[in-house]
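The next block holds one structure in the form of structure tokens; read it before the comments.
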Amino acid sequence: MTLLYKGYDWDYDTLSRIQDACQEASDRELGLSTYPTRLEIITSEQMLDAYSSVGMPILYKHWSFGKDFTQHELVYRKGMGGLAYEIVINSDPCIAYIMEENSATMQALVIAHAAFGHNHFFKNNYLFKQWTDASTIIDYLEFASKYVASCEEKYGEAAVEAILDAAHALQFSSVFRFPRKQKRSLKEEEERNRNRLKHQESSYNELWSTIPGGTASKSADKEYMRRMAMLDLPQENILYFVEKFAPRLHTWQREVIRIVRQVAQYFYPQGQTKVMNEGCATYVHYRIMTRLHQDGKIDDGAFLEFLKSHTGVVLQPRFNDHRYSGINPYALGFDMCRDIERICTEPTNEDREWFPDIAGRGGAEDVLKDVWANYRDESFVSQFLSPHLMRQWRMFHIKDDRKHPNMVIESIHNERGYRNMRSALARRYDVSWATPDIQVTDVDLVGSRTLELTHHVKNGRCLEPKNAASTVQHLADLWGYPVSLVEKDDSMSHRHSAVEPRKVAFERD
Amino acid sequence: MNIIDRRLNPGGKSLGNRQKFIRRAKEAIKAAVRKDARTRDIKEMDTYNGNIVIPGDGLGRPSFQHDRKSGRDDYVLPGNRDFTPGDEVHRPSEDPGSGSGGSADGDGVDPFQFVLSREEYLNLFLEDLELPNLVKQRLSVINSFIRRRAGYSVDGSPANMSLAKTMRNSLMRRIALGRPKAEEIANVENVVEEATDPVEKAYADHHLGHMRRRMARIPYIDPMDVRYRRFEEVPQPKTQAVVFCLMDVSGSMGKGMKDLAKRFYTLLYLFLNRYYENVDIVFIRHTQDAEEVDEDTFFHSAQTGGTIVSSAFDLMTKIVQERYDASSWNIYVAQASDGDNYSHDNERVVRLLREKVLPITQYFAYLEILNPYMTMSMARKSDLWNAYAGMNNPTETFAMRQVAEPRDIYPVFRELFERKE
């Protein structure tokens with residue numbers, strides 16, 4: 001078999017050959033299904049650019065992106081951090097950015113990782129299928145950036161910046177977590193009413209009228225119910241609520257808010273599938289590069305270079321290593337995929353006991369594809385993290401009750417600890433656990449028009465006060481009237497604060 | 001697959017973002033410097049040698065996040081060495097990202113900080129200030145001239161010789177007088193050598209001699225070709241300003257109040273030295289008499305006595321007459337006092353001001369330092385304040401302000417000397 005390339009340099013032909021070889025390897029080894037790929041070659045400066053616009057090739061302008069750019073650029077310039085080898089967009093066609101400074105082997109790695117691994121994941125995972133429309137995102141972002149730019153021209157940069165600042169602060173609390181009810185059409189409504197009346201007539205019985213009336217619903221309750229129905233409360237998507245109901249926003253401001261929340265919605269699945277996504281891509285690139293080497297398409301030198309980069313990426317420092325910065329999603333994802341492969345092909349008795357469905361059934365590739373398509377991080381970890389891996393990583397579970405002076409070790413990698421640890425780790429990837437549950441719960445329509453936000457406290461974890469105060473202030477500015485924040489859980493109400501809106505650039509003249 | 005090369009038009013996509021960030025950062029730094037300046041010792045600013053660190057407020061990105069200090073949390077970490085269930089572990093002072101999760105990356109306590117050198121700090125601190133109405137200029141014999149190019153001349157020093165002009169002139173002369181070029185002569189020499197026809201040869205030979213003689217007769221460069229660059233001296237009109245600092249050091253001024261006045265003058269001094277080249281500062285301190293002192297004595301030595309404000313104005317006008325001609329100097333006065341004056345003197349003060357002082361000053365700033373034992377709410381305004389308030393001031397060359405505490409000095413100073421567009 002002829003080598004695809006020799007040495008460091010590459011050109012378009014090389015890339016084309018690499019792509020074809022990877023395609024062949026992927027088809028033979030894994031049978032992936034991907035969107036068509038578009039490779040974009042960029043300089044490192046452009047990579048920094050891409051970093052600071054959240055990886056999107058086009059986005060509206062905001063100073064916070066400039067701040068990110070400055071930080072990343074400084075870090076990169078001082079040599080304290082490298083740049084990602086690739087950035088890939090979930091879209092159709094899948095766009096992968098590759099840096100011109102990479103060697104040919106690195107480009108092969110990047111193509112395998114991004115153009116095949118990530119690509120397949122974006123196309124097949126259920127969360128992405130459910131929440132994002134890959135074919136329209138780029139067009140939408142183009143519209144968004146043009147719209148914001150035209151608003152800046154018409155209304156001034158300061159006004160637009162003020163809205164964007166406020167919207168960004170509320171961004172992460174402004175996603176729909178469940179598919180929404182479809183509003184019924186008028187015909188459907190009428191149909192329902194008719195059916196209800198028919199049912200009432202047919203089931204009328206004098207007997208029921210002799211029963212003493214229940215607690216007369218107070219008018220206050222009725223009023224409350226009416227408000228809930230009218231405003232569709234409680235509402236978890238704060239910006240959606242503001243966009244629809246804030247009384248003093250101009251139309252363009254509502255549109256800008258809508259843009260910010262659509263972008264947040266687009267990125268919503270990515271936060272929940274980081275481990276699986278990176279694990280999938282890393283595993284895919286590992287399989288493909290190994291296959292290429294076995295087929296003699298890349299030489300030993302190239303393979304060594306690949307291995308060096310790969311091991312750097314999946315490195316997981318121990319908790320007391322100064323390099324430790326949390327669990328590396330690449331490491332965990334990759335190890336779990338390899339582990340699943342092992343369980344399918346060479347299970348131990350323990351594996352058969354823990355994973356009866358997949359142990360020893362061979363065809364690891366199909367199992368993996370099924371897993372990548374139908375699970376997200378939380379369910380992935382809670383169902384596929386094996387004791388073998390937990391032993392390998394020497395995982396342990398710590399409970400931190402801030403009322404206690406010390407933290408307590410709860411479980412370690414032994415018989416009694418496995419299930420406990422697994423669910424504890426899975427819970428960290430549960431988005432409802434990790435992000436605060438804050439919803440709009442009421443609006444005082446007749447009085448001060450105060451908007452009431454409720455934070456449902458879990459495990460006694462309240463909101464960080466300074467951040468919360470600034471964010472609530474932003475919300476009050478958008479809403480135009482006071483906003484009160486209540487933090488409570490089942491036992492009691494923890495905290496209560498109210499904020500007046502500031503005189504800001506949004507005011508309707 | 002298709003491959004697109006984006007390197008060709010880099011576009012600087014994040015340029016807009018960076019510009020926005022820098023603009024916002026500048027605002028934030030300015031605001032932070034102003035806030036910081038109120039508490040910092042003015043003297044310290046003048047002599048401080050290191051870098052000043054200012055937190056980057058207003059550049060944070062708040063969001064709803066869990067408070068790390070409340071509630072209960074579980075972490076799963078790799079790399080257990082010798083822990084067993086039930087062990088107690090010290091909580092690290094700063095949680096170094098224990099465990100990861102799907103939580104959004106928020107900024108929390110924003111570690112972004114700005115480090116300013118003293119120069120930058122002072123620049124920001126004193127930005128947008130100027131001495132108002134700086135209009136009088138004068139042409140002075142002893143003052144500076146600047147040299148400006150003014151064409152060419154036939155005379156000059158060899159350092160100023162303009163080669164281009166000279167060669168041009170020489171070329172013109174050679175063409176006009178028909179001096180043969182070297183290559184023309186070479187051509188004719190060739191003809192002479194290679195010609196076979198004797199008639200042609202003789203003819204060419206004759207021509208060659210003609211040309212050689214001509215070449216010798218007309219010089220390549222002639223002294224009359226030479227040109228020199230010419231410079232002329234243009235006098236620079238200079239603005240001159242003198243600032244009179246009148247400080248009341250009488251007994252009615254407590255030590256704290258004198259200190260406040262001194263801070264004000266220190267600020268003024270810093271500002272003037274930074275921005276203006278030619279500013280004379282005259283220090284006058286007065287009790288019942290006025291005397292002109294030097295800077296050191298003004299700021300550092302103690303004195304006390306009675307209060308007659310007009311003495312200061314008398315001395316000031318005398319100095320102006322002697323040393324600073326009102327027609328060519330811009331005169332400024334900054335007066336600091338607690339407002340108490342010998343009661344019969346008030347009328348004289350106002351008269352002096354109206355007739356002698358204000359007509360010749362560009363700007364008069366009066367700073368009244370309030371007695372800390374009397375609050376602003378007490379109705380009694382000082383004698384001097386009332387006297388000044390009664391003056392009619394149509395031309396905005398007179399400003400009065402009150403100061404009670406050190407932190408008021410800086411904003412008042414800014415008000416008094418704000419750059420007016």
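This is a predicted model, so every value here is computed, not measured. So that the names make sense, note that chain A is the first sequence line, chain B the second, and so on, each numbered from 1. Reckoned from all heavy atoms, side chains included, excluding hydrogens, waters and symmetry mates.
Looking at A:R318, its side chain never comes within 3.5 Å of a backbone N or O of B:R81 through a donor-acceptor pair. At distances below 3.5 Å, not a single donor-acceptor pair connects side-chain atoms of A:R427 with backbone N or O atoms of B:D74.
Contacts of A:K399 with chain B are made by both backbone and side-chain atoms, with heavy-atom separations under 4.5 Å. With a 4.5 angstrom heavy-atom cutoff, A:D321 does not touch chain B via any of its atoms. Looking at A:L475, neither its backbone nor its side chain comes within 4.5 Å of chain B, counting heavy atoms on both sides. Using a 4.5 Å cut-off between heavy atoms, A:Q270 does not touch chain B at all. Neither the backbone nor the side chain of A:D377 comes within contact range of chain B; no heavy atoms are under 4.5 Å apart. In this structure, the portion of A:E161 lying under 4.5 Å from any heavy atom of chain B is its side chain and not its backbone. Contacts of A:P405 with chain B are made by backbone atoms alone, with heavy-atom separations under 4.5 Å and no side-chain atom involved. Contact of A:E410 with chain B is made through the backbone alone, with heavy-atom distances under 4.5 Å. Looking at A:L389, neither its backbone nor its side chain comes within 4.5 Å of chain B, counting heavy atoms on both sides. Contact of A:I438 with chain B is made through the side chain alone, with heavy-atom distances under 4.5 Å. For A:P36, no part sits under 4.5 Å from any heavy atom of chain B, backbone or side chain.
A:I409 contributes atom CD1, which lies 10.0 Å from atom CD of B:E88 (distance to the nearest 0.5 angstrom). To the nearest 0.5 Å, the span separating OG on A:S470 from CZ on B:F64 amounts to 10.0 Å. Here B:Y75 contributes atom OH and A:M407 contributes atom CE; the two are 7.5 Å apart, rounded to the nearest 0.5 Å. For the atom pair CG of A:N467 and NE2 of B:H66, the computed distance is 12.5 Å after rounding to the nearest 0.5 Å. Here A:E487 contributes atom CD and B:D67 contributes atom CG; the two are 9.0 Å apart, rounded to the nearest 0.5 Å. The distance from the CD1 atom of B:I4 to the CD1 atom of A:I42 is 12.0 Å, given to the nearest 0.5 Å.
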Could you check A:W393 against B:N80 for side-chain contact (heavy atoms from CB on, under 4.5 Å), going step by step and ending with a plain yes or no?
-> CA-CA 8 Å; A:W393 279 43; B:N80 182 7; over 6 Å; no
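In summary, B:R72 and A:D400 do not engage in a salt bridge, as defined by a charged side-chain N under 4.0 Å from a carboxylate O. For B:D73 and A:K458, the salt-bridge test fails: no basic side-chain N is under 4.0 Å from an acidic carboxylate O.
The two residues B:S63 and A:F172 come nearest to each other via the heavy atoms CB-CD1, 4.3 Å. Nearest heavy atom pair, residue B:P78 against residue A:I327, reads CD-CG1, 4.4 Å. Closest approach of B:I3 to A:S16, counting heavy atoms only: CD1-N, 4.5 Å. Contact record, B:P62 with A:H474: CG-CD2, 3.9 Å, taken as the closest heavy-atom pair. Contact between A:A424 and B:V76 at its shortest, heavy atoms only, is CB-CG2, 3.9 Å.
A heavy-atom distance below 4.5 Å is not found between the side chains of B:Q65 and A:L463. At least one side-chain heavy atom of A:Y324 sits less than 4.5 Å from a side-chain heavy atom of B:L77.
Contact count versus chain B (heavy atoms, under 4.5 Å) is highest, among A:L170, A:T273, A:V472, A:D165, for A:D165. Annotation: maximal heavy-atom pairing with chain B below 4.5 Å, among A:Q316, A:M395, A:H397, A:E157, occurs at A:H397. Counting heavy-atom pairs closer than 4.5 Å to chain B, the top-ranked of the candidates A:S411, A:A115, A:P93, A:A169 is A:A169.
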